[in-house]
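Along the sequence shown, residues carry numbers from 1. All ligand and atom numbering here is 1-based and tracks the order in the structure.
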Amino acid sequence: MVRLHVNVDHVATVRQARRETFPSPVAWALAAERAGAQGITCHLRQDRRHIQDADVAELRARIATRLNLEASLAPAIVDLAVATRAHAYCLVPENRTEVTTEGGLDVVGELARLREVVPRLVEVGGEVSLFVDPDAHQLAAAAESGAQFVELHTGAYANATGAARAAELERLRAAAERAHALGLRVNAGHGLDYENVAPIVLLPHVEELNIGFALVAEALFTGVDAAVRRMCALLSPPPD
Ligand code: PXP
């Protein structure tokens, strides 16, 4: 069974749109857990456009499952990540003008920095994953970084249609096999929704999916409980 980690960033996006105190990403996370989420993910961006420092502290203190903190390699963010003592960390690229995380981390180019950062996070008890495109060079570098996991970027798959989507799925499958052969554990995420998630669940070696936007969007119509339960059912399909 593939675990569902619910990303609560966009609950905070709604709150920050009005600089209000509600809706609370923490309350939403607790409701997601009651509906079956096996972990909660958030991204503390340098520009603080959605999740705030206090949200991270409150999530860490109050959720019953596991906190996966997405963080860039910016020194101040890494210091905050270390202090959070999250259960897991996902290191991501960050560009201030992007609408959302656009590509995977350049693990090849950032390997020296990763060799400093990853051990600091492992030392405080975190599992560390690197958000990577399904690319053999990036995976080889990830295996050199000390990270235990990669999170395969499913954005290109999600954005593609027809034969192009089938080709992206094949790239993900090859990357999952390659990562496993290199001794890396495999998560995946970005752009996944109710319509495109099923083939990702069936990829080899995938342990956890990080899903945010589609769940928050669905919950506007059905509520968080139904939205998360519907996704959980897709992640653990009944045996044939
Ligand atoms: N994984 C990573 C590393 C991400 O940066 C994001 C977006 O914050 C997600 C997963 C979730 O993507 P989405 O909101 O499209 O489900």
Side-chain angles (χ1 to χ4, degrees), residues 2-14 16 25 28-29 32 37-52 55-56 59 66-74 77 81 86 88-96 98-107 110 114 121 126-135 138 142 147 149-160 168 172 175 179 185-198 200-201 203 206-220 224 227-228 230-232 234-235:
V2 176
R3 295 190 307 271
L4 175 64
H5 272 222
V6 171
N7 181 312
V8 297
D9 291 352
H10 295 305
V11 182
T13 300
V14 175
Q16 296 309 115
W28 212 88
Q38 285 129 325
I40 301 297
T41 297
C42 70
H43 183 178
L44 185 68
R45 292 185 68 102
Q46 289 175 82
D47 61 13
R48 306 299 198 273
R49 69 171 69 157
H50 40 51
I51 292 292
Q52 307 296 303
D55 297 324
V56 178
L59 285 167
R66 289 159 52 80
L67 179 64
N68 173 35
L69 180 64
E70 291 180 7
S72 73
L73 292 173
I77 293 289
Y89 299 94
C90 182
L91 297 173
V92 298
E94 209 174 282
N95 156 6
R96 280 177 193 266
E98 69 195 357
V99 173
T100 181
T101 311
E102 278 168 357
L105 196 61
D106 177 12
V107 184
E110 299 276 14
L114 285 164
L121 297 171
E127 289 177 347
V128 182
S129 79
L130 308 182
F131 187 49
V132 291
D133 291 321
D135 172 278
Q138 298 296 340
F149 285 82
V150 284
E151 179 175 329
L152 297 178
H153 193 325
T154 50
Y157 159 81
N159 291 332
E168 289 297 339
L172 288 165
R185 295 170 69 185
V186 182
N187 298 329
H190 208 285
L192 297 177
D193 60 30
Y194 298 93
E195 270 65 53
N196 67 22
V197 77
I200 300 298
V201 172
L203 288 176
V206 172
E207 299 186 28
E208 168 193 305
L209 299 184
N210 282 286
I211 306 181
F213 184 79
L215 291 169
V216 174
E218 174 78 356
L220 292 175
V224 54
V228 172
R230 188 177 158 210
M231 189 62 81
C232 283
L234 293 171
L235 266 58

*Under the criterion side-chain contact (heavy atoms from CB on, under 4.5 Å), which of Q46, E70, E94 is the partner of I77?*
Q46
*asked:* Suppose we screen for salt bridge (charged side-chain N to carboxylate O under 4.0 Å, His left out). Which residues come up paired with D55, at least two apart in sequence or across chains?
replied: R15
_Sub-3.5 Å N/O-N/O distance, I211 and ligand 1_ = no
*asked:* Would the distance check show the side chain of D133 and the main-chain N or O of G104 forming a donor-acceptor pair, the cut-off being under 3.5 Å?
replied: yes
*Atom CG in D9, atom NE2 in H50: separation rounded to 0.5 Å?*
4.0 Å
*Please identify which atoms of ligand 1 are closer than 4.0 Å to at least one heavy atom of V92.*
3 (C)
*Examine the proximity of ligand 1 to F131 and report which part, side chain or backbone, both or neither, has a heavy atom under 4.0 Å away.*
side chain
*When you look for heavy atoms under 4.0 Å from ligand 1, do you find them on the side chain of N210, its backbone, both, or neither?*
both
*Classify the contact between T41 and ligand 1 as side chain, backbone, both or neither, using a heavy-atom distance cut-off of under 4.0 Å.*
neither
*Check ligand 1 against G191 and write out every atom of the ligand that is under 4.0 Å from a heavy-atom position of the residue.*
12 (O), 13 (P), 15 (O), 16 (O)
*Partners passing side chain to side chain contact (heavy atoms under 4.5 Å, CB included) against L234 (at least two apart in sequence or in another chain)*: Y194, V197, M231
*Between the candidates H10, H5, H43, E70, which shows the shortest non-hydrogen contact distance to atom 5 (O) of ligand 1?*
E70
*Region of H153 engaging ligand 1 - heavy atom pairs below 4.0 Å*: neither
*asked:* I'd like to know if the side chain of Q52 and the backbone of R48 have a donor-acceptor N/O pair within less than 3.5 Å.
replied: yes
*Should E127 and R66 count as an ion pair when the cut-off is N to O under 4.0 Å?*
yes
_When you measure from the heavy atoms of A214 to every atom of ligand 1, does any distance fall below 4.0 Å?_
no
*Aromatic ring pairing H190/H153, orientation class (parallel under 30°, perpendicular over 60°, tilted between)*: tilted
_Close-contact set for ligand 1 against F213 heavy atoms, below 4.0 Å_ = 13 (P), 14 (O), 16 (O)
*Short list, please: which atoms of ligand 1 are under 4.0 Å from a heavy atom of N7?*
8 (O)
*Per-atom contacts of ligand 1 with D9, taking only distances under 4.0 Å to non-hydrogen atoms*: 8 (O)
